[in-house]
Structure formats: structure tokens, C-alpha cells
Amino acid sequence: MNSNGKKKSFVSRMTESRNFGLVFGLVVLLIIAAIITPSLFSWGSIISMLQNNAVYGLLAIGEMLVILTAGIDISIGAILSLSGVMCCRLMAENPTVPAIVWVLLSLIVGALCGAVNGILVGYFKMVPMIATLGTMYAFRGVSFLVSGGQWWFPHQFTEGYLKFATLRILGIPAILWIMIVVFALAILFLGYTSKGRRIYAIGTNRESSQIAGIRQARVVFLAMTLCGMLAGFAGMLYTANYATCSYSIGESYEMTAIAICILGGVSISGGKGKVDGVIIGFLMMSVITYFISLLPGLSVWSDAIQGAIIIAAVALNVYMERSAEKRALKERGALI
């Protein structure tokens with residue numbers, strides 16, 4: 001309804017939607033990229049592009065859960081590294097062990113790391129950025145100690161381990177099917193469960209959620225544990241996808257995950273954002289990184305471009321939130 005009491009048109013509702021702007025931007029980006037690099041629209045290129053960025057999709061969903069609580073987790077790259085190193089070392093030393101064991105190990109390692117973050121932030125009330133900055137260095141240090149500075153190469157990986165990321169089902173790599181399942185589960189969890197709604201609640205208004213009886217520490221602990229679990233799983237899938245591993249993997253991956261969230265409309269102040277927006281943000285970031293990799297002259301500017309994207313996305317989020325607030329005030333004023 002607008003201020004005159006009339007229903008808004010479909011076009012009006014669409015143009016006011018955050019996702020409409022994202023889809024429009026994605027289409028424009030695809031057209032520009034296709035003109036400059038026509039090979040982008042081949043099926044093989046699209047699959048390769050998504051496969052190489054699938055880990056970012058998993059990390060972005062985990063990061064989204066934390067950001068919705070008005071927090072942030074900058075340790076996910078280090079968790080990815082620690083999980084990947086532990087899986088690769090044990091896999092190389094025990095090649096006869098079924099690969100599913102390493103999947104479970106990655107989930108456990110990630111969940112434990114996330115639980116540490118959840119305890120520090122949720123129960124000890126530490127500032128999320130400071131807490132996860134400390135654990136980032138701690139996890140990265142443990143990763144180095146576990147690896148002993150060693151690298152793992154393709155000949156050291158078992159076939160079963162590699163198949164978890166590279167096995168093609170209907171022509172699509174397993175890692176992409178896993179990412180699709182994670183996206184679907186995130187939509188169900190955040191949109192249709194009480195725990196998901198509590199994550200939104202404490203990010204929207206902590207005082208009101210506390211009055212409503214929501215145990216904030218428990219919700220933050222859950223969000224950070226799930227985030228760590230996804231980061232740990234991403235570590236195993238990263239090493240299986242690329243058939244290589246060292247303690248240095250995952251560096252700055254948290255920044256890309258945060259950029260995808262912000263680009264997808266997740267408010268850095270918490271409480272706002274949807275999985276479908278993050279999916280579109282992931283697709284946009286995938287196209288951008290793929291486009292940059294195809295043009296050597298742009299590769300040196302990759303960090304600067306990513307930083308500009310984050311700033312632009314934050315500015316757009318602020319503009320959209322303020323516009324929504326102004327529209328709400330006008331509608332209230334019209335009813336008085």
C-alpha cells in the first residue's frame with residue numbers, strides 16, 4: 001500500500017526490492033563480461049567458474065549466520081586451513097580409511113573451532129571481531145604445527161577423497177551439488193525454524209529479544225558453531241577440489257565471504273538479509289573473480305576491486321535501509 005491507500009503495482013514492488021537490483025546488476029555484469037570474453041557463456045566455463053568458487057558459497061552462508069546476529073567471524077579462513085590440513089595429513093597417513101571419515105572429521109574440527117568462537121562471543125561477551133581475530137591467529141598457528149610446513153600434492157590424495165568434490169553427477173561436480181544442498185538447508189533453517197527466527201531476532205533488537213526470553217548467548221553459540229562447521233567442511237572440499245594443501249590455504253577467504261554477504265544485502269548491523277540475496281551475491285562475485293582471472297592486466301587489481309565492491313555494497317545497503325525507513329514513515333504519516 002502507498003501513502004494514498006492504493007496497492008503498489010508489481011513493477012513498483014519489484015524495483016523497490018533489493019534482489020531486483022542485484023539481479024539487474026548480475027545481468028549487466030554478465031553481458032559486459034560476455035562481450036569482452038565470449039567464452040564465458042560456454043557450459044564448461046560456467047561449471048568451472050562455479051566449481052572454483054563453490055568454497056566461497058559455503059563460507060558465505062556460514063558468515064551470514066553470524067552477521068545476522070550482529071556479529072562477524074574473521075577466523076573462517078583459518079578454520080578452513082586447519083580442517084584441510086588435518087584431513088590431508090591423516091588421509092595421506094591412512095589411505096585405506098574410507099573418505100567419509102574425513103568428511104566427518106572436517107565437520108567436527110570446524111564445529112569445535114566455531115564453538116570456541118561461540119563461547120568467547122556468546123558467553124564471555126567478547127567483541128566478535130576481536131575474539132575471532134585472536135582465534136584466527138591461534139587456528140592458523142595450530143594449522144602450521146599440524147602441517148609441519150609440509151605440502152600435499154595430487155599423488156598423495158586417495159580417489160575416494162577427491163570424488164567428494166570432483167565426481168560428476170549429471171555433468172555437475174559433487175562440490176556444486178553440496179553447495180546447492182547447503183543453500184537449500186540454509187533457506188529452510190532461517191525461514192522455517194524457531195532457531196533461525198531467533199538468529200534474526202537478536203540481530204534486529206537484542207533488548208527486545210532478551211525481554212522475549214530468547215537466550216542470546218545460546219543463539220550466538222549456535223550461529224558461530226554452524227559457521228565453523230561449514231568452514232571446516234569447506235576446508236576438506238577445497239583440498240579435494242584442488243588436490244593440494246598447505247597451512248596457507250584460505251588466507252583472506254573471510255573477506256570474500258563477507259563481501260558476498262554484504263553484496264547480497266545482509267546488513268552488517270544484523271537482523272536483515274536472506275539466503276537468496278547471498279546466492280545472487282555469490283554468483284556476482286564468481287563472475288567478477290572469473291572475469292579478473294581471464295584478464296591478466298586486472299589480476300593485480302583484484303584486492304582493490306574487491307574492496308571497492310564491499311564499499312559500494314555497504315553504501316547501497318545503507319541507502320536501501322534509509323529509503324525503506326522513509327517510506328515507512330510516510331505511510332505511517334498518511335494513516336494518522
Side-chain angles (χ1 to χ4, degrees), residues 51-63 66 73-120 131-167 173-175 178-179 182 224-258:
Q51 182 177 0
N52 289 333
N53 288 278
V55 166
Y56 292 132
L58 298 178
L59 294 178
I61 291 298
E63 191 68 53
V66 177
D73 187 345
I74 58 175
S75 70
I76 54 177
I79 295 174
L80 181 150
S81 170
L82 177 57
S83 172
V85 164
M86 290 188 70
C87 287
C88 287
R89 176 168 181 170
L90 292 173
M91 178 266 302
E93 294 173 353
N94 304 275
T96 60
V97 174
I100 188 65
V101 172
W102 312 128
V103 173
L104 296 174
L105 176 64
S106 70
L107 293 170
I108 292 170
V109 170
L112 289 175
C113 292
V116 171
N117 288 333
I119 291 170
L120 294 177
T132 56
L133 176 65
T135 56
M136 177 186 73
Y137 285 112
F139 298 152
R140 185 71 66 176
V142 175
S143 178
F144 175 75
L145 291 175
V146 172
S147 73
Q150 179 183 351
W151 282 71
W152 287 268
F153 298 100
H155 68 276
Q156 295 171 284
F157 287 78
T158 63
E159 184 178 355
Y161 190 94
L162 296 176
K163 280 184 176 180
F164 265 96
T166 60
L167 177 66
I175 191 172
I178 290 171
M179 182 183 70
V182 169
M224 301 201 95
T225 300
L226 290 175
C227 179
M229 184 183 295
L230 285 172
F233 191 26
M236 183 270 172
L237 291 174
Y238 175 98
T239 57
N241 189 48
Y242 294 107
T244 187
C245 181
S246 77
Y247 77 95
S248 62
I249 63 172
E251 289 184 348
S252 299
Y253 277 30
E254 59 277 354
M255 294 297 104
T256 302
I258 293 168

Taking [Y]'s backbone N and O only, do any of them form a donor-acceptor pair with [X]'s side chain (distance below 3.5 Å, no angle check)?
X: S147; Y: S143; value: yes
X: Q156; Y: F153; value: yes
X: R89; Y: V146; value: yes
X: T132; Y: I74; value: yes
X: S83; Y: L80; value: no
X: S81; Y: Y247; value: yes
X: S75; Y: A78; value: no
X: N241; Y: L237; value: no

Hey, could you give me the [atom1]/[atom2] distance between [X] and [Y], rounded to the nearest 0.5 Å?
X: Y238; Y: I175; atom1: OH; atom2: CD1; answer: 10.5 Å
X: W102; Y: L107; atom1: CH2; atom2: CG; answer: 13.5 Å
X: W152; Y: F157; atom1: CH2; atom2: CZ; answer: 8.5 Å
X: I108; Y: C113; atom1: CD1; atom2: SG; answer: 12.0 Å
X: L112; Y: N117; atom1: CG; atom2: CG; answer: 11.5 Å
X: I76; Y: E63; atom1: CD1; atom2: CD; answer: 4.5 Å

Is it true that, when you exclude E159 itself, more than 12 heavy atoms of the residues, nucleotides or ligands shown sit nearer than 6.0 Å to its CD?
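No, the 6.0 Å shell around CD holds no more than 12 heavy atoms from other groups.
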Over all atoms of both residues, closest heavy-atom pair of N52 and Y242
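Looks like O-OH, 3.0 Å.
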Counting C-beta onward and ignoring hydrogens, is there a side-chain heavy-atom pair between L82 and V109 closer than 4.5 Å?
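A side-chain contact under 4.5 Å exists here.
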